[in-house]
Amino acid sequence: SGLARKGTFLLVGSKRAGKTTLALRLLVGGCDMTGDELVLLRDGQAVAFPRKFYVREGSLALLPRVDALKAGLPFVVHPQEGRLVATDPTHFGRRWEIRPAPVTAIFLIEPNHGAASSILPCSKIDTLQRVMAQCTPPASGRADWIADLCRTVDHADTVTVRLGELDSAALAINELLR
């Protein structure tokens with residue numbers, strides 16, 4: 001998640017869609033990114049779970065500022081994913097403030113690797129269906145979580161990002177967040 005217009009935006013997509021790579025590109029471009037992978041949602045507010053950003057070593061060539069730092073960054077080796085380099089906003093002189101904020105935009109990330117990026121409108125119902133596919137119901141058993149998610153999507157700007165080339169995607173997202 002990242003901070004925008006007195007709220008937060010979410011990057012939602014399947015595994016290997018490019019969410020972390022895009023998040024780091026937005027971060028080095030000036031966005032305040034607050035988390036990677038896990039977001040808790042309640043009453044229209046999202047808060048990122050405090051966790052470093054783990055980027056695949058193969059994606060570092062797409063992120064020159066991150067690639068330049070990799071020698072000094074910690075990493076883990078994942079059996080299926082290979083080496084994952086761990087970083088966070090402080091490595092780029094950015095703040096890393098994790099706090100709840102209203103969701104103002106949801107970007108549905110679809111991989112379009114090796115091609116141009118494009119931004120398309122996405123209906124609320126399509127957004128909801130695609131976000132639901134990435135959700136885990138709360139362990140508390142709270143029955144109203146789906147209604148809460150529906151209200152959150154209804155109040156957010158919703159678009160699909162066909163993620164190819166990073167710079168144009170980051171530029172388009174920054175324009176939408178203004």
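Placement of Val131 and Phe49 in two distinct hydrophobic clusters is found when ILVMFWY residues are connected by side-chain heavy-atom separations under 4.5 Å, directly or transitively. Residues Leu84 and Leu22 fall into different hydrophobic clusters, defined by Ile, Leu, Val, Met, Phe, Trp and Tyr side chains chained together at heavy-atom separations under 4.5 Å. Residues Phe92 and Tyr54 fall into different hydrophobic clusters, defined by Ile, Leu, Val, Met, Phe, Trp and Tyr side chains chained together at heavy-atom separations under 4.5 Å. Following chains of ILVMFWY side-chain contacts shorter than 4.5 Å, one can reach Val153 starting from Ile146, so the two form part of one hydrophobic cluster. Hydrophobic clustering places Trp145 together with Val12 (ILVMFWY residues linked when any side-chain heavy atoms are closer than 4.5 Å, directly or through intermediates).
Rounding to the nearest 0.5 Å places SG of Cys135 at 7.5 Å from CG of Leu41. To the nearest 0.5 Å, atoms CG (Leu10) and OG1 (Thr127) are separated by 11.0 Å. Remark: Thr160 OG1 to Ile106 CD1 distance equals 11.0 Å, nearest 0.5 Å. Here CD1 of Ile173 is found 5.0 Å from CD1 of Ile119. Values are rounded to the nearest 0.5 Å. For the atom pair CG (Leu27) and CZ (Arg25), the distance works out to 10.0 Å, reported to the nearest 0.5 Å. Rounded to the nearest 0.5 Å, atoms OG1 (Thr21) and CZ (Arg56) are 7.0 Å apart.
The backbone N or O of Asp43 lies less than 3.5 Å from a partner atom in the side chain of Asp148, making a donor-acceptor pair. Side chain of Asn112 to main chain of Ala116: a donor-acceptor pair is present (N/O by atom type, distance under 3.5 Å, no hydrogens or angles). Of the possible donor and acceptor atoms, one in the side chain of Asn174 sits under 3.5 Å from a partner among the backbone N and O of Ala170. When atom types are taken as modelled, the side chain of Thr8 and the backbone of Val103 share no donor-acceptor pair closer than 3.5 angstrom. Judged by distance alone, with hydrogens and angles left aside, the side-chain atoms of His91 form a donor-acceptor pair with the main-chain N or O of Asp88 at under 3.5 Å. Within the 3.5 Å criterion, the main-chain N or O of Gly13 finds a donor-acceptor partner in the side chain of Lys19. Remark: side-chain polar atoms of Ser123 are paired, donor with acceptor, to backbone N or O of Asp126 under 3.5 angstrom.
Residues Phe9 and Leu177 form a side-chain contact, since some pair of their non-hydrogen atoms from C-beta on lies under 4.5 Å apart. At a threshold of 4.5 Å between non-hydrogen side-chain atoms, the residues Lys70 and Glu57 count as touching. Looking at Trp96 and Asp32, their side chains never come closer than 4.5 Å, going by heavy atoms from C-beta outward. Between Phe53 and Met33 there is a side-chain heavy-atom pair separated by less than 4.5 Å. Between Phe107 and Asp157 the shortest side-chain heavy-atom distance does not fall below 4.5 Å. Put simply, the side chain of Thr158 does not reach to within 4.5 Å of the side chain of Leu108, judged on heavy atoms. The closest side-chain heavy-atom distance from Val159 to Leu120 is not below 4.5 Å.
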| message | Arg130 vs Cys122, test: side-chain contact (heavy atoms from CB on, under 4.5 Å). Steps then yes/no. | response | CA-CA 10 Å; Arg130 293 174 58 195; Cys122 190; 4.2 Å; yes
| field | Asp36 vs Arg51, salt bridge (Lys or Arg N to Asp or Glu O under 4.0 Å): CA-CA, chis, key distance, verdict | value | CA-CA 7 Å; Asp36 185 38; Arg51 175 187 184 274; 3.3 Å; yes
| request: Decide salt bridge (Lys or Arg N to Asp or Glu O under 4.0 Å) for Lys52 and Glu37; before the verdict, give the C-alpha distance in whole Å, the side-chain angles of both, and the deciding distance to 0.1 Å. | output: CA-CA 9 Å; Lys52 290 196 179 275; Glu37 197 67 32; over 6 Å; no
| request: Would you sort out whether Arg142 and Asp144 count as a salt bridge (Lys or Arg N to Asp or Glu O under 4.0 Å), showing the intermediate values? | output: CA-CA 6 Å; Arg142 181 170 72 96; Asp144 65 343; 2.9 Å; yes
| task | For side-chain contact (heavy atoms from CB on, under 4.5 Å), just list the numbers for His113 and Glu165, CA-CA rounded to whole Å, side-chain angles, deciding distance to a tenth of an Å, and then say yes or no. | result | CA-CA 7 Å; His113 307 312; Glu165 193 271 322; over 6 Å; no
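With side-chain heavy atoms closer than 4.5 Å counting as contact, directly or through intermediates, Ile125 stands alone and belongs to no larger hydrophobic cluster.
In the displayed structure, Phe75 atom CZ is contacted under 6.0 Å by at most 12 heavy atoms of other residues, nucleotides or ligands.
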